[in-house]
Amino acid sequence: MLAKLRDREVSLKIAKKIKELSKNLDNIKIMNFCGTHEWTITHYGIRYLMPENVELIAGPGCPVCITPAHYVDATVKLAMEGVRVLTFGDSYRLMGSKRRGIPKSLEEAKERGADVEIVYGMLDAVKIAKDGKESAFFAVGFETTAPAVLSPLYSGEIPENMSLVVAHRLTPPIMRYVLEKFPGSPIRGVIAPGHVSTITGSSTWEFVAEDYGIPIAVSGFEPVDVLLSILEILRQIDRGEARLFNEYSRAVSYKGNGRALRIIESTTDVVDAAWRGIGFVPRSGLALKEELSEFDALRRYGIGEMVEWRDDSLPGCRCAEVTLGMAKPTDCPLFMRACTPERPYGPCMVSGEGTCLIWAKYGSSEFLRGLIGDL
Ligand code: SF4
């Protein structure tokens with residue numbers, strides 16, 4: 001199955017169909033929402049299989065890139081005050097506001113002696129916290145990771161000495177924000193995130209077609225998946241249609257995962273939430289329900305949520321524009337100069353789902369063009 005979905009000949013056949021079809025079309029921009037799709041597109045050189053009038057634009061689907069500096073600063077403060085902080089590998093490296101005198105990341109806090117541990121997930125974190133030490137889990141992610149993080153709260157298996165910094169964000173509201181922020185948006189098609197949709201169901205993306213008249217494809221992550229999704233979007237544009245297409249039906253149902261959705265709904269409320277460098281987006285974040293507020297680390301330790309927007313972009317970094325599809329990493333003067341995978345300056349260079357890191361690792365156009373050759 002996997003071999004077929006990565007097959008070079010099949011990929012080239014679909015790419016030829018895309019090229020044929022695009023001859024009838026004007027300039028088309030398609031946004032791939034998800035960082036993992038950006039990885040597939042860049043790693044496999046799919047951008048270079050596109051005809052000149054079809055452009056693929058990376059979108060906001062990197063949870064680490066959009067996590068406000070406030071949460072990093074807060075977890076660093078907790079760590080420096082003796083609370084053990086547990087988190088994923090990329091949020092461990094994520095930089096906060098880089099204020100003078102305080103560690104810029106959890107990684108730096110650990111170097112200065114704080115108790116910070118990288119874990120694979122919440123279950124690991126719970127196991128570690130069973131030793132009784134005050135511990136906080138820094139939860140960064142979209143709908144995909146939220147159920148696993150919230151599950152011990154749902155089942156009542158979270159130790160009393162443990163709390164959470166919940167920085168979870170929801171994907172449909174930021175897609176709506178992208179489409180509405182720019183009147184006459186040039187985006188003519190959207191590739192929706194497959195992993196998120198395994199939880200939410202494909203139905204969650206129907207609004208893109210219904211409210212904005214834009215074709216939307218929920219896609220798997222192999223090259224053939226992505227090419228089929230692009231072909232379907234172009235077919236719909238060619239026919240003047242706009243509807244939801246579930247290319248990833250082997251993993252995504254229409255309604256989603258009922259138990260996972262129940263866990264999210266029983267433990268959290270949907271709230272207006274800040275996105276790094278962007279601002280508050282209506283109903284785009286999760287906050288623990290009032291009856292679970294004792295497990296909210298920001299409340300427990302008197303730090304407080306972000307209530308007012310303060311731009312947390314780092315000087316010179318264009319990560320927010322990259323996230324919104326308004327700039328490419330190569331438009332940033334710091335790309336591969338002051339900001340590299342080894343020494344990331346901005347958040348889009350930290351995570352494997354960050355567009356800048358993906359382009360830095362796999363985006364050498366000449367190299368890929370050489371591999372693919374002319375169609
Ligand atoms: S290359 Fe670095 S500094 Fe530039 S936008 Fe990307 S993350 Fe920000």
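Just so it is clear, the model here is predicted, and its values are computed rather than measured. Counting starts at 1 for both ligands and their atoms, in listed order.
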Considering only protein heavy atoms, which is closest to [atom], and at what distance to one decimal place?
{"atom": "atom 8 (Fe) of ligand 1", "answer": "Cys317 SG, 2.4 Å"}
{"atom": "atom 2 (Fe) of ligand 1", "answer": "Cys339 SG, 2.4 Å"}
{"atom": "atom 4 (Fe) of ligand 1", "answer": "Cys332 SG, 2.3 Å"}

**Request:** Report yes or no: does Cys319 have an N/O/S atom closer than 2.8 Å to atom 4 (Fe) of ligand 1?
**Result:**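 Checking atom 4 (Fe) of ligand 1 against Cys319, no N, O or S atom falls under 2.8 Å.
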**His195 ring center within less than 6.0 Å of Phe142 ring center** =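 No, too far apart.
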**Request:** Verify whether the ring centers belonging to Phe88 and Phe137 lie closer than 6.0 Å.
**Result:**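 Yes; Phe137 has its ring centre under 6.0 Å from that of Phe88.
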**Prompt:** Under a heavy-atom criterion of less than 4.0 Å, does Pro329 contact ligand 1?
**Reply:**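 For ligand 1, residue contact (heavy atoms, under 4.0 Å) with Pro329 is absent.
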Can a donor-acceptor pair be found between the side chains of [X] and [Y] at a distance below 3.5 Å?
{"X": "Thr171", "Y": "Glu143", "value": "yes"}
{"X": "Tyr362", "Y": "Glu38", "value": "no"}
{"X": "Trp359", "Y": "Thr330", "value": "no"}
{"X": "Asp73", "Y": "Ser97", "value": "yes"}

**Request:** Please identify which atoms of ligand 1 are closer than 4.0 Å to at least one heavy atom of Arg318.
**Result:**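 Checking each atom against Arg318, I get 5 (S), 8 (Fe).
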**Prompt:** If you count the atoms of ligand 1 from 1 in the order shown, which ones are under 4.0 Å from a heavy atom of Tyr345?
**Reply:**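 The atoms of ligand 1 under 4.0 Å from a heavy atom of Tyr345 are 3 (S).
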**Message:** At a threshold of 2.8 Å, where the distance has to be below it, does atom 6 (Fe) of ligand 1 have an N, O or S atom of Cys356 nearby?
**Reply:**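 Looking at Cys356, which is the residue asked about, there is an N, O or S atom under 2.8 Å from atom 6 (Fe) of ligand 1.
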**Request:** Please determine if atom 2 (Fe) of ligand 1 has an N/O/S atom from Cys348 lying under 2.8 Å away.
**Result:**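 No - counting backbone and side chain alike, Cys348 has no N, O or S atom under 2.8 Å.
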**Request:** Kindly indicate, with the supporting measurements, whether the criterion side chain to side chain contact (heavy atoms under 4.5 Å, CB included) is fulfilled by Ser163 and Tyr301.
**Result:** CA-CA 10 Å; Ser163 54; Tyr301 299 105; 3.8 Å; yes
